[in-house]
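Here's the structure we're looking at; comments come further down.
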Amino acid sequence: MQPEIDEFAAHLERVERRSPHTRRAYLGDLRQLAAFLDQRGVTLDAATRDDLRAFLAARFGNDKPSTLARKQSSLRAFYEHRVRMGHLADSPARRLVFPRRRASLPNVVAVDDCFALLEAPRNDTPAGLRDRCALELLYGAGLRVSELVGLDLPDVQDGMLRVRGKGGKPREVPLVTKAAAALQAWLPRRAELKPAGNALFVNRRGGRLTARTIARHLDRYALIAGVARHVHPHALRHSFATHLLDMGADLRGIQELLGHASLSTTQRYTHVASEQLLRVYEDAHPRAKK
């Protein structure tokens, strides 16, 4: 890896405290950029706006719009860092035109499907109780999967969870009755998996459960529950927020529970609720019939 990218990687990890997934994505984007520039005989610090535009144009046929948007963010973050560190007088990425990306609605699982998923894991084995508890926290507490697998035993405190969100930002999340019951069922059986540390959720070798393992287990439980769609762990977080909103919860309260820094991020769930309301109208109202 080039020294400029090494320096930026350290900044992402130690200063911005970005997640491993974000760091891999940003650094992968920069390595692609460095390889592209090398073919043009240009270094990272010597790149111009036209070089960056040519790089993004070259990726246009290979990457999805969401991936291209992330690459633009990667370039902007990298060159802003180079300016702050005094390596550049100005950022070539600052003058890039960033096209507006069409906002996609969150992937929401129906209430009945959520309930079926939560009942799918076995309740008579340590692994089954662990998985049931994990799913209850994803849906019942609206956790990100990275927050879930990062939980340690001391983070469970008197009906609350102490969660470390994006950038290590802490927040406290209340445990609803079902999630608290699942947690109390799992904790006495946790020792049977011979845990090697304080991780709340451990695998069969005693190590910390990973986000990838959670996703794989969720795929299996979706099949068991007869859910006719792919369910990603983050879809349960989306469903948590949308179902709360449908039941009349305050948007500000949902923002606090989710750990969103900006209310605008939480407001996208209102669009989901509006679309669901429109579907109900079209299905049931006589004036909607053609």
Side-chain angles (χ1 to χ4, degrees), residues 21 106-165 171-244 246-247 257-259:
H21 175 77
N107 180 11
V108 177
V109 183
V111 173
D112 289 345
D113 285 343
C114 283
F115 283 16
L117 273 171
L118 298 181
E119 294 297 324
R122 295 179 58 176
N123 61 6
D124 59 350
T125 66
L129 290 169
R130 175 203 63 200
D131 292 346
R132 181 173 291 222
C133 181
L135 297 185
E136 287 283 1
L137 293 184
L138 287 173
Y139 175 64
L143 300 188
R144 300 177 178 94
V145 68
S146 59
E147 295 170 346
L148 178 82
V149 299
L151 288 172
D152 292 325
L153 291 176
D155 294 327
V156 182
Q157 300 177 343
D158 298 325
M160 303 285 290
L161 281 180
R162 185 178 61 196
V163 178
R164 290 171 290 279
R171 74 179 187 278
E172 289 192 344
V173 178
L175 286 171
V176 296
T177 303
K178 290 285 189 180
L183 188 60
Q184 291 306 312
W186 153 241
L187 286 174
R189 305 291 298 273
R190 174 179 174 274
E192 296 180 38
L193 297 183
K194 298 180 173 55
N198 272 339
L200 179 60
F201 295 107
V202 295
N203 56 36
R204 294 184 179 182
R205 297 182 299 277
R208 186 180 296 273
L209 210 60
T210 66
R212 183 169 295 181
T213 301
I214 292 285
R216 189 171 66 249
H217 289 343
L218 184 53
D219 280 341
R220 178 162 56 88
Y221 292 128
L223 288 174
I224 293 173
V227 179
R229 57 180 296 180
H230 172 70
V231 181
H232 188 272
H234 212 67
L236 294 181
R237 174 175 162 87
H238 291 323
S239 304
F240 162 83
T242 304
H243 296 165
L244 279 177
D246 288 345
M247 297 301 294
L257 291 171
L258 293 175

Are Phe115 and Val111 side-chain neighbours, meaning at least one heavy-atom pair lies under 4.5 Å? yes
Which heavy atom of Leu218 sits nearest to which heavy atom of Leu135, and what is that distance? CD1-CD2, 3.8 Å
Pro121 and Gly128: which non-hydrogen atoms are nearest, and at how many Å? CB-O, 3.4 Å
First locate atom CD1 of Ile224, then atom CD of Glu119, and finally report the distance between them rounded to the nearest 0.5 Å. 12.5 Å
Closest heavy-atom pair, Pro233 versus Leu138, reported as atoms and distance to 0.1 Å, is CB-CD1, 4.2 Å
Considering all heavy atoms of both residues, which atom of Val109 and which atom of Ser239 are nearest to each other, and what is their separation? N-OG, 2.8 Å
Side chain to side chain donor-acceptor pair (under 3.5 Å) pairs touching residues 152-165, sequence neighbours excluded, are Asp152-Arg208, Asp155-Arg162, Asp155-Arg164
Rounded to the nearest 0.5 Å, what separation is found between the OH atom of Tyr221 and the CZ atom of Arg216? 11.0 Å
Separation between CG of Leu209 and CD1 of Ile214, rounded to the nearest 0.5 Å: 4.0 Å
For a quick test of reading the model, state the closest non-hydrogen atom pair linking Glu147 to Gly165 and the distance between them. OE2-CA, 3.2 Å
Compare all side-chain heavy atoms of Val149 with those of Thr210 and state whether any distance is below 4.5 angstrom. no
Rounded to the nearest 0.5 Å, how far does CG of Leu200 lie from CZ of Arg130? 11.0 Å
My understanding is that only residues two or more places apart in sequence, or in another chain, count here; which of them pass side-chain contact (heavy atoms from CB on, under 4.5 Å) with Leu175? Leu137, Leu161, Ala179, Ala180, Leu183
Rounding to 0.5 Å, atoms NE2 (His230) and CG (Asp219) come to a distance of 5.0 Å
Less than 4.5 Å apart, any side-chain heavy atom of His232 and any of His238? no
Applying side chain to side chain donor-acceptor pair (under 3.5 Å) as the test, list every pair that has at least one member in residues 175-189; sequence neighbours left out. Arg189-Glu192
For Ala222 and Val231, work out which heavy atoms get closest and say how close. CB-CG2, 4.4 Å
Leu151 side chain reached by Leu143 side chain, heavy atoms, under 4.5 Å: yes
Determine, step by step, whether Asn203 and Thr213 satisfy the side-chain contact (heavy atoms from CB on, under 4.5 Å) criterion, reporting the C-alpha distance in whole Å, the side-chain angles of both residues, the deciding distance to 0.1 Å, and the verdict. CA-CA 9 Å; Asn203 56 36; Thr213 301; 5.9 Å; no
So CZ of Arg190 and SG of Cys133: to nearest 0.5 Å the spacing works out to 11.5 Å
Can you confirm whether Leu236 sits close enough to Val145 that some side-chain heavy atom of one is under 4.5 Å from a side-chain heavy atom of the other? no
Whether over 12 other heavy atoms sit under 6.0 Å from Asp124 CG: yes
